[in-house]
Visitor: 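To start, I am sharing the structure in question, which I have written as structure tokens.
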Amino acid sequence: MKFWLMKNEPEDYSIDDLKKDVIEPWDGIRNYQVRNMIRDDMKKGDLAFFYHSNCETPGIYGLMTIHKEAYPDHTAFDKKAKYYDIKSSKEKPTWLMVDVKYKRKMKRVITLTELKEHKKLEDMRVVQRGNRLSITEVSKKNWEFILSIE
DNA sequence: GCCAACGTTGGC
DNA sequence: GCCAACGTTGGC
């Protein structure tokens, strides 16, 4: 089983929205590295942190599970959608998404500032300079450490 | 295939 | 809102 950190802007979709919806397609991935990762490495039952980005307090807000493995992201076919991509077709979809399922909110928010303060977490992608991938893998060691300081 | 220009991400 | 870092595009 693998562990992940998945970023989203809370103004767009937050952990509270997921709590209400319970299961939600994680659409809008338009980066090849991330697509390959969800296609090849992400499995049903994997666990993920829900990370709020581009907001007042960036950090880890909740836990979720991967509920459905990668399948075509239909928002890429929709001309009116924000993430429409003319190069993606139903016959040969360029972009994929997974479904995530709400598990729980964190007992307290683990802020990016705090993640950066822990020497043990310096190999986490999300604390590294210039990291812009919206989904990154988290090692078991780091996953467990973060839950232990929650 | 190089690389400048441009677009996007996301912390601050 | 600024801007550094990175990805993508497209001319050559």
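Within every chain, numbering begins at 1; the chains are lettered A, B, ... in the order of the sequence lines, protein sequences first and strands thereafter.
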Visitor: Quick check: closest heavy atoms across A:H52 and A:I15, and the distance to 0.1 Å?
Guide: NE2-N, 3.2 Å

Visitor: Let me test you: for the helix from B:dG1-C:dC12 to B:dC12-C:dG1, what is the angle between the axes at its two ends (five pairs each), rounded to 10 degrees?
Guide: 10°

Visitor: Find the distance A:I29:CD1 to C:dG7:P and express it as a whole number of Å.
Guide: 16 Å

Visitor: Measure the distance from CG on A:N131 to C1' on B:dT8 and round it to the nearest whole Å.
Guide: 14 Å

Visitor: Grab the CG-C1' distance between A:L133 and B:dG11 for me, whole Å please.
Guide: 16 Å

Visitor: Judged by atom type as modelled, is there a donor-acceptor pair below 3.5 Å linking the side chain of A:D73 to the main-chain atoms of A:G28?
Guide: yes

Visitor: Would you kindly give the OH-to-P distance between A:Y32 and B:dT9, to the nearest whole Å?
Guide: 15 Å

Visitor: Taking OP1 and OP2 of B:dT9, is either one under 4.0 Å from a side-chain nitrogen or oxygen of A:Y51?
Guide: no

Visitor: Check for a donor-acceptor pair, side chain of A:N36 on one end and backbone N or O of A:Q33 on the other, with a separation under 3.5 Å.
Guide: no

Visitor: Relative to the 5' end of DNA chain C, which residue comes earlier, A:G130 or A:N54, by the nucleotide with the nearest heavy atom?
Guide: A:N54

Visitor: Is the number of heavy atoms from other residues, nucleotides or ligands within 6.0 Å of NZ (A:K43) greater than 12?
Guide: yes

Visitor: Classify A:E9 by what it touches in the nucleic acid, base, sugar-phosphate, or nothing, heavy-atom distance under 4.0 Å.
Guide: nothing

Visitor: Do the two ring centres, one from A:W95 and one from A:F77, sit under 6.0 Å apart?
Guide: no

Visitor: B:dC12, OP1 or OP2 - any side-chain N/O from A:K116 closer than 4.0 Å?
Guide: yes

Visitor: Output the rounded distance in Å from CZ (A:R35) to P (C:dG7).
Guide: 15 Å

Visitor: Does A:K7 make a side-chain N or O approach to OP1 or OP2 of B:dG10 shorter than 4.0 Å?
Guide: yes

Visitor: Between C1' on B:dG10 and CD on A:E11, what's the gap in Å once rounded to a whole number?
Guide: 13 Å

Visitor: Less than 4.0 angstrom between a side-chain N/O of A:R129 and OP1 or OP2 of C:dA4, yes or no?
Guide: no

Visitor: Check the distance between B:dG10's C1' and A:L115's CG and give it to me in whole angstrom.
Guide: 15 Å

Visitor: May I ask you to check whether A:Y51 and A:W4 place their ring centres under 6.0 Å from each other?
Guide: no

Visitor: With a 3.5 Å distance limit and no angle check, can you tell me whether A:D99 reaches the backbone of A:H67 through a side-chain donor-acceptor pair?
Guide: no

Visitor: For the pair made of CD in A:Q33 and C1' in C:dA5, what is the distance, rounded to whole Å?
Guide: 14 Å

